Amino acid sequence: MKTYLLAIVVFICSIQIFYSQEDDGVVSLALPIRNSLAFNQYAINPTFSFVRQQNAALSISNKREWVQFENAPQTYLLSYAGRFKENIGVGVGVFQQNYGVLTTFGGLLNFAYNARLDTDSNLSFGVNIGAYKSGVNDGNVVTNNSDPSLEEIPSNFLVTINPGINYGTGFFDFGVSLNNYFLYNSSASEIIQENPKKGIQGHIMYTGYVESYGFLDESKFSGLIKSEFTKGKTIFSGIAMLTVPMGVWAHVGYNNLYGVSGGLGLNISKQFSIEYSFEKAIGNLSDFGPSHEITLAYKFKNREKYDYSSEDRVSSLFTKKRRKKRPKASNTSKEAQATAQANRELAEQRRAEARLATQERVKARAEARKKLIAANKAKAEERRKFLAENRNKSEAEKEADRLAKLEADRLAKEEADRIAAQNEADRLAQQEADRLAKLEADRLAKEEAD
């Protein structure tokens, strides 16, 4: 039984969020924040403590994974994150993760800075720095005999640095983060080189608002698609969340490793919120059962008016609506009652006068608009006539030009024919003169010969 339990624990640790480095007890940092965009988004990308954030929030979360399995993995996270200044976001968290006999406890610091390039163009830089201790929790080991395999797993204190970048437009965000690229084991005074969780993560996020009527009017929609590329493995996932102004939100998601998810959130008051998420494993992990996550959060009031991503107008379940107190009527004084009645009649008269004045203004505007339409119509008719006249005039000028050109061509042709005829007559006359001159020369030569 002891060997079977240990084998299952090792299997879980190999596919869960923390991956062991051979047998030295070294694990990589990866908090299971993957099913919602409501809280602790900086664990997804270090710039998300600033990007699309409006308020800072203090939250406490508990995630129980694969509850069908005994000693299932659990994560506890106490976190503060959100906007700090116009261009700065910060986050700090304390977490503990239990996987059977293995426990990891530590903290996470986050810092993000935004460089505003244009009105709807922002470039954000961020970094997560994690420091934590991992090892065997002796309190969770239940065995009658000592287990050498457990005793050989040392405790380690690790430090990791995960940077990220995000470029945001009016509705879209594009970003990249480096996960576990730097992992330092202070217990062994060495940088971990072979790290199976070392990878690059890219994301595309859309944030927009629904223009509708009633319940969904001005609802906020957020969608995130991300891919993480590690050694020999690619994890693809997507999240979609809709927040309605009355203070309720819902989200659905898919992860090709951990399965499908869904959840609901509610603003109990202006400051307090609660969110529940459900995740159903698929594929090889489906036999381990679903996962549950619950988060309680306190949202701090935003006393600053930020230019980037201003605060949404969101209500809550127990929002108190302030009502104006009506003055109590006095039954002890007839004069006061008469005065009140006179005031009511005066107010009614003023309302009637205001309605009449409004009607007169509307009527005057309608009449002015009618006159304007008539004037525009008259101008349009004059313009039409002017264009028609110009078009007829242009056609007449074109016809006159055509006839003048024909007459000029005819005269030119006649002149050319006359010149040709004159040339032909001159040629014939010259030939006849030459012939007569030759005959005269022949005659004179003959006479001379005789």
Side-chain angles (χ1 to χ4, degrees), residues 29 31 33 36-61 76-95 106-132 159-179 182 201 203 205 207 220 222 224 226 241 243 247 249 265 267 269-275 295-314 316:
L29 175 65
L31 296 174
I33 307 298
S36 175
L37 295 174
F39 305 105
N40 303 315
Q41 300 97 318
Y42 70 95
I44 300 176
N45 185 291
T47 62
F48 282 3
S49 61
F50 175 87
V51 174
R52 306 293 172 181
Q53 298 301 310
Q54 300 162 349
N55 300 83
L58 178 66
S59 64
I60 180 169
S61 302
Y76 300 91
L77 174 62
L78 176 63
S79 175
Y80 170 88
R83 294 284 288 274
F84 180 69
K85 289 185 178 181
E86 177 64 44
N87 295 322
I88 295 176
V90 296
V92 57
V94 178
F95 63 89
L108 187 64
L109 292 177
N110 165 268
F111 178 82
Y113 178 80
N114 179 70
R116 189 170 184 177
L117 306 179
D118 202 348
T119 303
D120 291 328
S121 180
N122 292 270
L123 187 63
S124 304
F125 305 89
V127 62
N128 285 337
I129 301 176
Y132 54 96
V159 177
T160 182
I161 300 177
N162 301 335
I165 189 172
N166 182 86
Y167 174 72
T169 62
F171 299 98
F172 287 93
D173 289 277
F174 309 88
V176 176
S177 61
L178 304 180
N179 297 334
F182 175 84
Q201 177 181 285
H203 72 264
M205 183 169 65
T207 305
K220 181 180 180 180
S222 302
L224 174 70
K226 63 185 181 78
M241 187 173 75
T243 304
W249 66 89
N267 287 336
S269 68
K270 283 290 187 178
Q271 273 68 53
F272 287 96
S273 303
I274 185 171
E275 182 185 55
T295 301
L296 299 175
Y298 176 83
K299 184 173 67 175
F300 293 89
K301 291 183 179 180
N302 187 2
R303 303 185 183 278
E304 301 291 339
K305 188 176 181 180
Y306 298 125
D307 292 335
Y308 173 85
S309 186
S310 59
E311 185 176 3
D312 296 329
R313 290 179 293 178
V314 179
S316 60

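None of these values were measured; they are calculated from a predicted model.
- Judged by distance alone, the side chain of Asn110 and the main-chain N or O of Pro46 form a donor-acceptor pair under 3.5 Å.
- Put simply, the side chain of Gln201 reaches to within 4.5 Å of the side chain of Ile44, judged on heavy atoms.
- Side-chain atoms of Asn55 come within 3.5 Å of backbone N or O of Phe300 as a donor-acceptor pair.
- Among all heavy-atom pairs drawn from Val51 and Met205, the shortest one is CG1-CE, 4.1 Å.
- Interatomic distance, Leu123 CG to Arg116 CZ, rounded to the nearest 0.5 Å: 14.0 Å.
- The shortest side-chain heavy-atom distance between Tyr113 and Asn87 falls under the 4.5 Å cut-off.
- For the residue pair Thr207 / Asp173, no side-chain donor-acceptor distance below 3.5 Å is found, with atom types taken as modelled.
- The aromatic ring centres of Phe84 and Phe111 sit 6.0 Å or more apart.
- Phe272 has its side chain out of reach of Leu296: every pair of non-hydrogen atoms, C-beta onward, lies at least 4.5 Å apart.
- Pairing each heavy atom of Ile33 with each of Phe39, the nearest pair is CG2-O, 4.2 Å.
- We find the CG-CH2 distance between Leu37 and Trp249 to be 12.0 Å, quoted to the nearest 0.5 Å.
- In this pair, Tyr167 and Phe174 present their aromatic rings parallel. The plane angle is below 30°, not in the 30 to 60° band.
- Of all the heavy atoms in Gln53 and Arg83, the pair that sits closest is O-NH1, 2.9 Å.
- How far CZ of Arg52 is from CG of Asn166: 8.0 Å, rounded to the nearest 0.5 Å.
- Residue His203 comes nearest to Leu224 through the heavy atom pair CB-CD1, 3.7 Å, listed as atom of the first residue, atom of the second, then distance.
- Minimum interatomic distance between Ser36 and Glu275 (heavy atoms only, all atoms of both residues): OG-OE2, 2.6 Å.
- Applying the ring-ring contact (aromatic ring centres under 6.0 Å, His included) test to Tyr42 and every residue at least two apart in sequence or in another chain returns nothing.
- Rounding to the nearest 0.5 Å places CG of Leu29 at 8.0 Å from CG of Asn128.
- Counting heavy atoms from C-beta on, the side chains of Asn40 and Leu31 never come closer than 4.5 Å.
- Of all heavy-atom pairs spanning Thr47 and Ser124, the tightest one is CG2-O, 3.6 Å.
- Atom-to-atom distance recorded for Asn114:CG and Asn122:CG is 4.0 Å, nearest 0.5 angstrom.
- Donor-acceptor pairing under 3.5 Å is lacking for the side chains of Asn179 and Asn162.
- Using a 4.5 Å heavy-atom threshold, the side chains of Ile60 and Leu78 count as touching.
- Using modelled atom types, one finds a donor on one side chain and an acceptor on the other under 3.5 Å when comparing Ser273 with Asn267.
- With sequence neighbours excluded, no residue forms a ring-ring contact (aromatic ring centres under 6.0 Å, His included) with Phe182.
- Taken from CG in Leu109 to CD1 in Ile161, the straight-line distance is 11.0 Å, to the nearest 0.5 Å.
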